[in-house]
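Below is one structure; the comments refer to it alone.
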2 protein chains.
Amino acid sequence: MLKDDTIAVPQKCDDCPIRHRAVCARCEPEELAQLEQIKYYRKFEAGQTVIWAGDRMDFVGSVVTGIASLTQTMEDGRTQMVGLLLPSDFVGRPGRDGTVYDVVATTDLVMCCFRKKPFENMMEATPHVAHRLLEMTLDELDAAREWMLVLGRKTAREKIASLLSIVARRDATLRKTGMVGRLVFDLPLTREAMADYLGLTLETVSRQISALKRDGVIELEGKRHVTVPDFARLMEEAGDDSDGGMLV
Amino acid sequence: MLKDDTIAVPQKCDDCPIRHRAVCARCEPEELAQLEQIKYYRKFEAGQTVIWAGDRMDFVGSVVTGIASLTQTMEDGRTQMVGLLLPSDFVGRPGRDGTVYDVVATTDLVMCCFRKKPFENMMEATPHVAHRLLEMTLDELDAAREWMLVLGRKTAREKIASLLSIVARRDATLRKTGMVGRLVFDLPLTREAMADYLGLTLETVSRQISALKRDGVIELEGKRHVTVPDFARLMEEAGDDSDGGMLV
DNA sequence: CGGTCGATTGAATCGCATCAAGATGCGTGG
DNA sequence: CCACGCATCTTGATGCGATTCAATCGACCG
């Protein structure tokens with residue numbers, strides 16, 4: 001892999017947008033200083049592959065801005081996205097040399113990477129990093145299991161509604177508008193990426209989105225800009241009334 | 001919940017069958033002594049519910065013998081099993097009060113439970129428990145993602161073959177026969193439980209098992225006793241040639 | 001202006017769910 | 001010991017939902 005994706009400009013952790021959500025969230029100033037020593041930034045364009053399944057990984061890291069996806073592929077080409085990596089999410093596995101997933105930049109992407117060996121040493125030495133990582137991993141596990149229900153038991157329409165409600169919810173959280181009134185957001189995924197995530201074909205995704213639009217559950221401007229007039233209605237369409245379906 | 005499931009007989013950790021695989025695997029003798037202080041055993045019969053989704057949990061623990069399942073349910077009754085808990089697997093989430101899943105004993109079950117608060121304190125104090133738990137959680141996350149591919153992209157036949165190969169592999173590991181020659185094992189799940197795990201109906205499960213039998217991929221004695229004459233063939237049917245599909 | 005990429009829509013097909021009957025096996029009680 | 005009931009499993013017929021194959025459309029770009 002070409003290394004011209006490395007960013008020269010150093011950024012202080014204090015100003016980092018994911019300072020309080022990422023693996024470093026719990027760190028004390030002196031631990032942060034240690035992390036600054038071993039960190040570097042990398043930048044990817046939408047569509048670029050960050051790591052191929054089976055590749056050796058000499059770093060771990062966090063998504064700073066943008067979105068990446070974890071994908072598995074079968075020999076015959078069928079693919080399933082198994083994770084959506086949003087800002088503050090962690091990539092890589094301490095104590096293991098490779099990934100089993102392709103990591104692909106879905107949008108333009110900036111990652112904060114740590115050299116693996118020093119990071120592992122830090123995990124041994126200081127509890128805060130390890131503790132935060134455990135917490136994050138447990139959350140991801142819950143999210144993955146939540147998604148198993150979507151993949152295993154929901155209809156195409158419910159799957160689409162589930163995805164939309166997740167993206168809507170995350171977007172609202174991010175900019176701290178509540179879950180009230182009309183929600184407006186952009187879909188960060190192509191129809192094909194949605195299909196890969198939902199275990200559908202892109203045609204079915206397209207059809208169901210059209211159907212939800214026709215039925216007034218959502219409104220569309222262009223292909224990606226979505227308005228949800230009534231979030232409760234969307235939740236209902238997703239098959240989980242009330243609070244259910246938390247993910248990410 | 002009735003508490004008559006608590007077992008009076010104390011068991012020493014040294015003799016414990018899951019001593020070196022469970023959350024206590026890395027513990028030093030004195031840490032083990034600490035754990036002994038806060039542990040107790042509980043026993044469940046096949047079919048009994050260990051915890052209901054939404055219930056408060058005042059303990060965490062490990063499966064010692066038997067099998068349990070984690071299940072999610074939608075309001076309309078559709079269910080999806082999101083995890084199969086085998087001996088040494090961990091139940092519960094430190095730092096959180098309840099489960100979001102039903103935990104059900106699939107077979108007769110013995111669990112080694114730790115009172116939650118003292119266990120959390122121990123995690124703070126000693127690194128070995130927390131470290132091992134992180135490792136196990138990362139493994140579970142991988143397994144969950146592996147399963148997402150099964151649920152999202154595999155056909156009914158491939159799903160059945162995937163499940164069989166997992167059970168076969170685990171069984172062979174457990175009794176240290178290799179993956180060579182004829183594999184013989186018992187299915188620990190009913191057709192309905194398999195359906196819940198695979199995102200199918202029990203009728204489809206039954207049909208596909210019959211089909212695999214008809215095609216000579218497996219042999220059956222009774223409903224539960226399975227022989228796999230050629231494991232590579234089974235893997236092929238599962239859609240992952242060579243080494244793929246590791247789970248559990 | 002063709003060319004490409006993403007998206008939409010239609011028609012035909014197929015895999016799995018659904019509905020419905022039986023078969024098998026097992027424990028219980030007469 | 002056999003009859004009965006119940007749970008589990010098998011098998012068949014039918015219909016629906018999602019895939020597949022294919023044509024078309026719009027937006028963007030060189």
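Below, chain A is the first sequence line, B the second, and so on; all start at residue 1.
Close to C:dC16, at under 4.0 Å from its OP1 or OP2, lies no side-chain N or O of B:T204. Taking 4.0 angstrom as the limit, A:R207 places none of its side-chain polar atoms (N or O) nearer than this to OP1 or OP2 of D:dT19. Considering only side-chain N and O atoms, B:T190 lies nowhere under 4.0 angstrom from the phosphate OP1 or OP2 of D:dA7. B:T201 has no side-chain polar atom (N or O) that falls below the 4.0 Å cut-off from OP1 or OP2 of C:dT18. Between A:S206 and C:dA7 there is no side-chain polar atom (N or O) within less than 4.0 angstrom of OP1 or OP2.
If you take CD of A:E158 and C1' of D:dG17, they are 12 Å apart, rounded to a whole angstrom. For the pair B:K159 NZ and C:dG15 C1', the computed distance is 11 Å after rounding to whole Å. Distance, B:I209 CD1 to D:dC9 P: 9 Å, rounded to whole Å. The interatomic distance linking B:R191 (CZ) with C:dA23 (C1') rounds to 14 Å, in whole Å. Regarding A:K154, its NZ atom lies at a distance of 18 Å from the C1' atom of D:dA18, rounded to whole Å. Look at CZ on B:R157: it is 12 Å from P on C:dG15, rounded to the nearest Å. Atom NZ in B:K223 sits about 8 Å away from atom P in D:dT11, given to the nearest Å. The distance between atom CZ of B:R214 and atom P of D:dT11, rounded to the nearest whole Å, is 8 Å.
Note on B:R78: nothing from the nucleic acid sits closer than 4.0 angstrom, heavy atoms only. Contact annotation for A:G199: backbone-only contact, meaning every heavy-atom pair under 4.0 Å involves sugar-phosphate atoms and none involves a base.
By the 6.0 Å and 45° rule, B:R175 does not stack over the aromatic ring of B:F185. Remark: A:R42 qualifies as a cation-pi partner of A:F59 under the 6.0 Å distance and 45° angle criteria applied to the six-membered ring.
Comparing C:dC16, D:dT11, D:dT19 by their nearest atom to the side chain of B:S210 picks out D:dT11. Set against D:dC9, D:dT19, C:dC16, the side chain of B:Q208 has C:dC16 as its closest nucleotide.
Side-chain to base pairing of B:E203 with D:dC9: no donor and acceptor N or O lie closer than 3.5 Å to each other.
To the nearest 0.5 Å, atoms OG1 (B:T107) and CG (B:D186) are separated by 12.0 Å.
The shortest distance between side-chain heavy atoms of B:M148 and B:R153 does not fall below 4.5 Å.
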Distance-only donor-acceptor hits, side chain of residues 206-217 of chain B, under 3.5 Å, sequence neighbours excluded:
| residue | atom | partner | partner atom | Å |
| --- | --- | --- | --- | --- |
| B:S210 | OG | B:S206 | O | 3.0 |
| B:D215 | OD2 | B:R157 | NH2 | 2.2 |

